[in-house]
Number of protein chains: 2
Amino acid sequence: MARKVSRRGGNIVTIHDVARHVGVSPMTVSRVINGEKNVREETRQKVMEAVEALNYTPNLAARSLASQDSSRIALIYSNPSMSFLSELLLGILEQSSQSGCQLTIESCDGPEGVADVLDKLKATGVDGVVLPPPLSDSSRVAKALKDMKLPFVGVATSRPSPDAPSVSVDDFKAAFAMTSRLIQLGHRRIGFIKGNPNSYYSQLRYEGYVAALAKAGLMAEETLVGQGYFTYRSGFDAAETLLVRADRPTAVFASNDDMAAGAVATAHRLGLDVPRDVTIVGFDDTSMASSVWPELTTVRQPISDMAALALKLLLDQIKTRRAGQTYAPVHEIRDFSIVERQSSAPLGEASTTE
Amino acid sequence: MARKVSRRGGNIVTIHDVARHVGVSPMTVSRVINGEKNVREETRQKVMEAVEALNYTPNLAARSLASQDSSRIALIYSNPSMSFLSELLLGILEQSSQSGCQLTIESCDGPEGVADVLDKLKATGVDGVVLPPPLSDSSRVAKALKDMKLPFVGVATSRPSPDAPSVSVDDFKAAFAMTSRLIQLGHRRIGFIKGNPNSYYSQLRYEGYVAALAKAGLMAEETLVGQGYFTYRSGFDAAETLLVRADRPTAVFASNDDMAAGAVATAHRLGLDVPRDVTIVGFDDTSMASSVWPELTTVRQPISDMAALALKLLLDQIKTRRAGQTYAPVHEIRDFSIVERQSSAPLGEASTTE
DNA sequence: ATACGCATTGATAGCGCTACCATTTTCAGG
DNA sequence: CCTGAAAATGGTAGCGCTATCAATGCGTAT
């Protein structure tokens, strides 16, 4: 009998082919590719080589069907800072295609709108939910999810729910580090633009700023702090108050990139050069940061990684729950970093670029 | 024997349950949910009702395993205007989860870098590729894909490959429409900021602008046209040349949103109010358009829909090819629309908002 | 040497769905 | 009423993988 021709493109290589090639059972191959123990090192090696040689890639559909772990997970977002969202999607997509889970993306209008989405999801049947900010910060949403007994995970939350895992950076520490960096650059009058007062992480960022100033023996002057709402426009407006003053700050730390970009626009409008006349820095390192000019110095969160990890945690949680065990939520903290671009400069230094 | 408890969350409903409920065979149910003919109307009705009643949703993993149509498709992007990308992702994701195909996202550095990515993909085995701009415009990439006999689809291409399907808007017509709108608002001196000269759609947008002017009996003055490269910075710079002149244009049409945002920044820097002193409009309606202030009037492309459709076309193509038939590429044109926000105003009108 | 425990491997039986072919039903025309 | 073809439906056999448990091999305590 002739070998059946696969209808799949080129990928006719199955686990059986690999098994035959090595001379073991498919089961052993399965164990190797899933990284289980109880496989002799020698065997593992041989299988690995065969996988490499035959260019085998597991069929995710078959895998999730067989292992019954195909989960439907939903990502619910509101107030999409698109740039944040896209990075998030990138990370989550990668992970989901690796884990072979079905992703649904839903949007809603703020924490209030979540209820509707949840109802809809309940009808279609989801197994878990990923919550980016600002939803991840809402205890109301957390409660709703908990009531539905739906596992979820928060991404970039500063106030993680005690019931659900989360992945975030240390907002306080990050804001502290950025502020310290500005001080190190020689700045003493450092302005700050707060984010939405409802957000806990907004609060943390502010506290980090204050703490860094304090450590350097500086005081957080109220007149140097503006209130924003994480939008470009709010940064634009808040910056005006800060920058029209004669004794304006030499540096402004906006607590997200959108507001920093708005602040830069205001600086320009007031005839101030950035960074020559004023240093402006942001937070998040969304695509906004590198698409405006001058490109923003900012605090980078590894959003994509965080999202991937979050999904993994969620899947773990679901698995654990299905096994009937109780899940102890873990709260992962990722490292941030400070990316220095063209919007910041040491105090008093004449010019930087061109 | 006790009913086996499913390990899946809530979704224990299988095609068998539905079949039993109606009193038909699973096969019939399968036919109904896949919209095949050869099912009596009466039967179809009953099955539909049962599906509804039991809240059945097909298991995609099982489906794609059984039907052998699980395709791996890759989205390759370069020069990610993140905002564009994220909209694209949203659309493609939705479609892919419906179609049960595996998505991989790959990035590369311009058309030159595609070769490497392609090699990698070839190794892991993909069945098709989705190409957003600017890659979708590159005949070099198209050729490489064709040589590999790898099906692909272009999103937002103005110069579709004769061998592959594509989805796009009519860039010429859109630019024509926007320019006409500016004329209708009373503007006569209308500047234009071109995009990257390598992009064909950039060319088309420019031609649309010129044609609209011509139709209104206006001439496209060379001094009113700036050269940009689709980046914020390039719009920022190009706008300066246009706007410092005493006889500056009263409106500037930048051929994408990033450049328009850059132009707005320049206008502000020069002490011009937008839109009071100058109207500035963009193209694409990416998130950039609504995150800057004033929010940009722009040409909206339904990116998300286009991406979803593109994926569908790609999957069709793959299916057709597998069936051994020849595929005649279709080129879909989607409708654009003009979204008027705060960055445009009728000529001479004192103020608009606040 | 015998037995026991542990690490390693293999055989079997599906996961939920659909392709394929066999079977039954339906209904026109004779 | 019969015949034959088309329409409608059902039965069977996997898709590629993994859970489960049985079987093997090996080292060590008895």
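In what follows, chains are A, B, ... by sequence order, proteins preceding strands, each numbered from 1.
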Has the side chain of A:Ser168 got a donor or acceptor atom that lies under 3.5 Å from a matching backbone atom of A:Ala156?
-> no
Do NZ/NE/NH1/NH2 and the carboxylate oxygens of A:Asp163 and A:Lys146 come within less than 4.0 Å?
->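 Yes, charged N to carboxylate O under 4.0 Å.
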Would you name the heavy atoms of A:Pro302 and A:Arg334 that are closest together and state the gap between them?
->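 Where A:Pro302 meets A:Arg334 most closely, the heavy atoms are CG-CB, 4.0 Å.
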Please report the closest heavy-atom contact between B:Val114 and B:Leu135, naming both atoms and the distance.
-> CG2-CG, 4.0 Å
Rounded to the nearest 0.5 Å, what separation is found between the OG atom of B:Ser96 and the CG atom of B:Leu60?
-> 10.0 Å
Taking for each residue the nucleotide of DNA chain C bearing the nearest heavy atom, is the 5' side occupied by A:Met27 or by A:Lys37?
-> A:Lys37
Verify the contact: side-chain N or O of [X] to OP1 or OP2 of [N], cut-off strictly under 4.0 Å; return yes or no.
X: B:Gln68; N: C:dC17; answer: no
X: A:Thr43; N: C:dT9; answer: yes
X: B:Arg31; N: D:dA8; answer: no
X: A:Ser25; N: C:dG10; answer: yes
X: A:Asn38; N: C:dT8; answer: yes
X: B:Ser67; N: C:dC17; answer: no
X: A:Thr28; N: C:dG10; answer: yes
X: A:Arg63; N: D:dT18; answer: yes

Could you tabulate the donor-acceptor pairs under 3.5 Å formed by side-chain atoms of residues 33-53 of chain A, not counting sequence neighbours?
from: A:Asn34; atom 1: OD1; to: A:Arg63; atom 2: NH1; distance (Å): 2.6
from: A:Asn34; atom 1: ND2; to: A:Ser30; atom 2: O; distance (Å): 2.8
from: A:Asn34; atom 1: ND2; to: A:Ser30; atom 2: OG; distance (Å): 3.4
from: A:Glu41; atom 1: OE2; to: A:Gln45; atom 2: NE2; distance (Å): 3.2
from: A:Arg44; atom 1: NH2; to: A:Glu36; atom 2: O; distance (Å): 2.9

Would you please enumerate the stems DNA chain D participates in, each stem being three or more consecutive Watson-Crick or G-U wobble pairs with both distances under 3.5 Å?
->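 For DNA chain D the paired stretches long enough to count as stems (3 pairs minimum) are C:1-30 with D:1-30.
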